[in-house]
Amino acid sequence: MTMKYWLMKTEPTTYSIQDLEKESNQTTCWEGVRNYQARNLLRDEIQEGDRVLFYHSACKEPAVVGTAVVSRQGYPDHHAFDKRSKYYDAKCDPENPRWYMVDVTLEQKFGCPVTLASLREKAALTDMVLLQKGSRLSVQPVKKKEFDAVVKLAK
DNA sequence: GCCAACGTTGGC
DNA sequence: GCCAACGTTGGC
């Protein structure tokens, strides 16, 4: 299985790369994704060892702020069954999980975040899912050359 | 805060 | 299965 590349969005007011940095083992579960297209990626496509662009959305300066590695592949998001969780989903049956998550581990926090504006300036990145009009997927595929180009911009 | 784009819900 | 209404996302 060859390594794949992804981009995951998070609102830094909810969970930021600084939060990930502070976790034990700098690892967290990526809970709360409640979109079927993204769910399918989390459940079926994303493999341990895959690389992730960590993206801050809905904030003053939207940007890729670092990279992470998938440290556990898809498993049921148990927050959906927890009434106290903000991600509780009353329609979910633990016997037949609807929502999935993966674990991610911090790889690198960029010293220099790669802003959305700077991504748009790069001709090599015009096909990135993130940059397409109306694109809202919070977990999305990235091509290797795109991943590499973004990492390069962080230097 | 605005609003375009997209996803989901539910009546029919 | 259609589609209007509503809710959410997320850049600006």
Side-chain angles (χ1 to χ4, degrees), chain A residues 4-23 28-46 50-68 70 73-104 106-143 145-155:
Chain A
K4 291 183 192 165
Y5 300 83
W6 311 96
L7 180 143
M8 296 187 186
K9 294 180 189 173
T10 177
E11 300 188 14
T13 51
T14 302
Y15 191 89
S16 69
I17 197 162
Q18 288 80 12
D19 294 325
L20 179 59
E21 205 175 18
K22 286 182 228 147
E23 302 278 3
T28 188
C29 58
W30 205 254
E31 81 278 16
V33 174
R34 299 290 179 265
N35 166 282
Y36 287 102
Q37 215 179 325
R39 186 280 310 270
N40 292 345
L41 296 176
L42 291 168
R43 187 188 58 186
D44 306 330
E45 301 293 332
I46 301 179
D50 285 357
R51 312 273 299 279
V52 175
L53 294 175
F54 196 105
Y55 182 79
H56 281 175
S57 66
C59 55
K60 191 170 286 180
E61 188 142 77
V64 178
V65 291
T67 62
V70 176
Q73 68 186 64
Y75 62 105
D77 180 351
H78 53 77
H79 299 79
F81 316 129
D82 178 0
K83 279 190 176 159
R84 290 160 305 172
S85 169
K86 65 185 280 200
Y87 300 118
Y88 176 66
D89 182 343
K91 287 173 288 195
C92 288
D93 170 12
E95 294 300 311
N96 186 19
R98 176 179 305 196
W99 303 116
Y100 281 72
M101 59 186 177
V102 299
D103 288 356
V104 297
L106 181 66
E107 182 174 45
Q108 178 193 6
K109 185 176 131 188
F110 291 160
C112 179
V114 181
T115 64
L116 180 60
S118 65
L119 294 175
R120 290 198 191 284
E121 286 170 9
K122 273 301 250 193
L125 297 177
T126 50
D127 289 338
M128 266 188 94
V129 174
L130 182 73
L131 305 183
Q132 304 315 302
K133 188 179 167 79
S135 169
R136 303 194 319 189
L137 254 195
S138 67
V139 177
Q140 53 181 252
V142 171
K143 296 193 188 78
K145 63 165 195 173
E146 294 166 346
F147 186 97
D148 291 342
V150 172
V151 171
K152 209 168 160 188
L153 283 174
K155 287 179 183 157

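Keep in mind that what you see is a predicted model, and the values were worked out from it rather than measured. Heavy-atom basis, side chains included; hydrogens, waters and symmetry copies ignored. So you know, we letter chains A, B, ... as the sequences are listed, proteins then strands, and number each from 1.
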Tell me the interatomic distance from [X], atom [atom1], to [N], atom [atom2], rounded to whole angstroms.
X        : N      : atom1 : atom2 : value
A:Lys60  : C:dG10 : NZ    : C1'   : 16 Å
A:Asn35  : C:dG7  : CG    : P     : 18 Å
A:Gln37  : B:dA5  : CD    : C1'   : 14 Å
A:His56  : C:dT9  : NE2   : C1'   : 17 Å
A:Leu7   : C:dT9  : CG    : P     : 16 Å
A:Asp89  : B:dT8  : CG    : P     : 12 Å
A:Arg39  : B:dT8  : CZ    : C1'   : 14 Å
A:Lys133 : C:dC12 : NZ    : C1'   : 13 Å

Considering every strand and a 4.0 Å limit on heavy-atom distances, what is the contact class for A:Glu11: base, sugar-phosphate, or nothing?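 Counting heavy atoms under 4.0 Å across all strands, no contact is made by A:Glu11.
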Which residue in the set A:Leu53, A:Val142, A:Leu137, A:Val102 passes side-chain contact (heavy atoms from CB on, under 4.5 Å) when paired with A:Met8?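 Answer to the side-chain contact (heavy atoms from CB on, under 4.5 Å) test with A:Met8 among A:Leu53, A:Val142, A:Leu137, A:Val102: A:Val102.
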Regarding A:Arg39 and A:Asp77, does a basic nitrogen lie under 4.0 Å from an acidic carboxylate oxygen?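 A salt bridge is absent here (no side-chain N lies under 4.0 Å from a carboxylate O).
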*asked:* Let's see if you can work this out: which of B:dG7, C:dG11, B:dA5 has an atom nearest to the side-chain heavy atoms of A:Leu116?
replied: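 Nucleotide nearest to A:Leu116's side chain: C:dG11.
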request  = Name the closest nucleotide to the A:Arg136 side chain, picking from C:dT9, C:dG11, B:dA4.
outcome  =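 Within the option list, the nearest is C:dT9.
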Practice prompt. Check whether the ring centres of A:Phe54 and A:Trp6 lie less than 6.0 Å apart, and answer yes or no.
Written response: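 No, the ring centres sit 6.0 Å or more apart.
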*Check whether any side-chain N or O of A:Glu21 sits under 3.5 Å from a backbone N or O of A:Leu106 as a donor-acceptor pair, and report yes or no.*
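Such a contact is absent between A:Glu21 side chain and A:Leu106 backbone.
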Are any of A:Tyr36's side-chain N or O atoms less than 4.0 Å away from OP1 or OP2 of B:dT9?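 So the side-chain polar atoms of A:Tyr36 never come under 4.0 Å of the phosphate oxygens OP1 or OP2 of B:dT9.
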Worksheet entry | A:Lys9 side-chain N/O to C:dT9 phosphate OP1/OP2 under 4.0 Å |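 For A:Lys9, the contact criterion (side-chain N or O under 4.0 Å from OP1 or OP2 of C:dT9) is not met.
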